[in-house]
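Computed from a predicted structure; not experimentally measured.
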Amino acid sequence: MQKLLFFLILIFISNLQAQDMRLPYHQIPESPQEYTTGNVIGRLIDGLGYRYYWATEGLTTSDLEYKPSENGRTILETLQHIYGMSEMILESPKGEPSIRPKDFTKYSFEELRRKTLENLEAASKLVKGKNADAVSNFKVTFQRGEKQTDFPYWNMINGMLSDCIYHTGQLVVMRRSNGNPQNPKVNVFLGKTRED
């Protein structure tokens, strides 16, 4: 009886630790109380984070190598592309330039996934609560060598944010085509995944 009790306690502790170690966006955070400019952009980033979390959950080595056509990107290459854009999504509200070119091939799938989700979470927290004037001061800055080019934050919305959502949808389609569909209990409207 004591062995059984000890075993059950170990399982309980392991489950608690696993929950504490969850990556951001297992579910979408609670929505802000007000519709401010920053809160709306933050919520858009949160929606992307939730979609990305589940689009990448349970990917296999076979999935990472899959590409839909000879000239297409593999899933791993798509993840590298999304990660690069997640850096830009974070750099803009921090007032930092996006230094290019960069090589993201050094990161494993697990690193890319974790770093992307963490970047999105940090960016969301930075923009939430900001009013229109504060957001209008955000710039998208590209730096290549000594040359810097600035763009208004509008370009972030129709550029990197929209592109990340687009590519995350591609991940869902590609993994399904490779025989490993996304968890069918994902509900992007509610931002929660059924646990039953």
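- The only member of Leu112, Leu171, Leu120 that meets side chain to side chain contact (heavy atoms under 4.5 Å, CB included) when paired with Ile82 is Leu171.
- A donor atom on one side chain and an acceptor atom on the other are not found under 3.5 Å apart for Thr37 and Asn131.
- Within the cation-pi definition used here (under 6.0 Å to the ring centroid, within 45° of the axis), Arg114 does not qualify as a partner of Phe109.
- Here the closest heavy-atom approach between residue Lys115 and residue Tyr107 is recorded as CE-CE2, 3.5 Å.
- Residues Lys67 and Glu77 are not paired through a salt bridge, judged by the lack of any N-O separation under 4.0 Å between the basic side chain and the carboxylate.
- A chain of hydrophobic side-chain contacts below 4.5 Å, direct or via other Ile, Leu, Val, Met, Phe, Trp or Tyr residues, connects Leu161 to Val188.
- Within the 4.5 Å cutoff, the side chain of Phe142 has heavy atoms near those of the Phe151 side chain.
- A heavy-atom distance below 4.5 Å is not found between the side chains of Val140 and Pro152.
- Salt-bridge annotation for Glu87 and Arg100: present, with a side-chain N of the basic residue lying under 4.0 Å from a carboxylate O of the acidic one.
- Salt bridge status for Glu111 with Lys106: absent, with no side-chain N to carboxylate O gap under 4.0 Å.
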Exercise. Start with the C-alpha distance between Tyr52 and Cys164, add both sets of side-chain angles, then the distance that settles side chain to side chain contact (heavy atoms under 4.5 Å, CB included), and finish with yes or no.
Key: CA-CA 9 Å; Tyr52 179 87; Cys164 282; over 6 Å; no
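- No continuous path of ILVMFWY side-chain contacts below 4.5 Å connects Leu90 to Ile41, so the two sit in separate hydrophobic clusters.
- In terms of the side chain to side chain donor-acceptor pair (under 3.5 Å) criterion, Glu65 has no residue partners (sequence neighbours excluded).
- Proximity of a side-chain donor or acceptor of Trp54 to a complementary backbone N or O of His26 within less than 3.5 Å is detected.
- If you chain together ILVMFWY residues whose side-chain heavy atoms come under 4.5 Å of each other, Val173 ends up in a group of its own.
- Side chain to side chain, Arg51 and Thr168 fail the donor-acceptor criterion of an N or O pair below 3.5 Å.
- Side-chain contacts under 4.5 Å among hydrophobic residues (ILVMFWY), followed directly or transitively, place Tyr166 with no other residue at all.
- Not counting sequence neighbours, Arg43 has no partner by the salt bridge (Lys or Arg N to Asp or Glu O under 4.0 Å) test.
- The closest side-chain heavy-atom distance from Thr78 to Met174 is below 4.5 Å.
- Using a 4.5 Å heavy-atom cutoff, the side chains of His167 and Met85 are in contact.
- Proximity of Thr193 to Asn183: side-chain heavy atoms (C-beta onward) are separated by under 4.5 Å at one or more points.
- Applying the salt bridge (charged side-chain N to carboxylate O under 4.0 Å, His left out) test to residues at least two apart or on different chains, none of the pairs has a partner in residues 158-170.
- The distance from atom CG of Leu59 to atom CG of Leu76, rounded to the nearest 0.5 Å, is 10.0 Å.
- Screening Asn119, Leu44, Asp46 for a side chain to side chain contact (heavy atoms under 4.5 Å, CB included) involving Ser124 leaves a single residue, Asp46.
- There is a side-chain donor-acceptor pair under 3.5 Å between Thr60 and Asp63.
- Rounded to the nearest 0.5 Å, atoms CG (Leu64) and CZ (Arg175) are 10.0 Å apart.
- The backbone N or O of Gly72 lies less than 3.5 Å from no partner atom in the side chain of Glu70, so there is not a single donor-acceptor pair.
- Rounding to the nearest 0.5 Å gives a distance of 11.0 Å between CZ of Arg176 and CG of Asn180.
- Within the 4.5 Å cutoff, no side-chain heavy atoms of Tyr53 are placed close to those of Ile28.
- Tyr83 and Phe104 have perpendicular rings, their planes meeting at more than 60° on a 0 to 90° scale where under 30° would count as parallel.
- Hydrophobic side-chain contacts under 4.5 Å tie Tyr35 into a cluster, directly or through other members, with Val40.
- Counting only heavy atoms from C-beta outward, the side chains of Glu121 and Leu117 never approach each other to under 4.5 Å.
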Practice problem: Could you check Ser177 against Tyr66 for side chain to side chain contact (heavy atoms under 4.5 Å, CB included), going step by step and ending with a plain yes or no? | Solution: CA-CA 9 Å; Ser177 296; Tyr66 177 81; 3.3 Å; yes
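- Side-chain contact of Asn71 with Ser69: a donor-acceptor pair under 3.5 Å is absent, judged by distance alone.
- Under the 4.5 Å side-chain criterion, counting only non-hydrogen atoms from C-beta, Gln170 is not in contact with Arg73.
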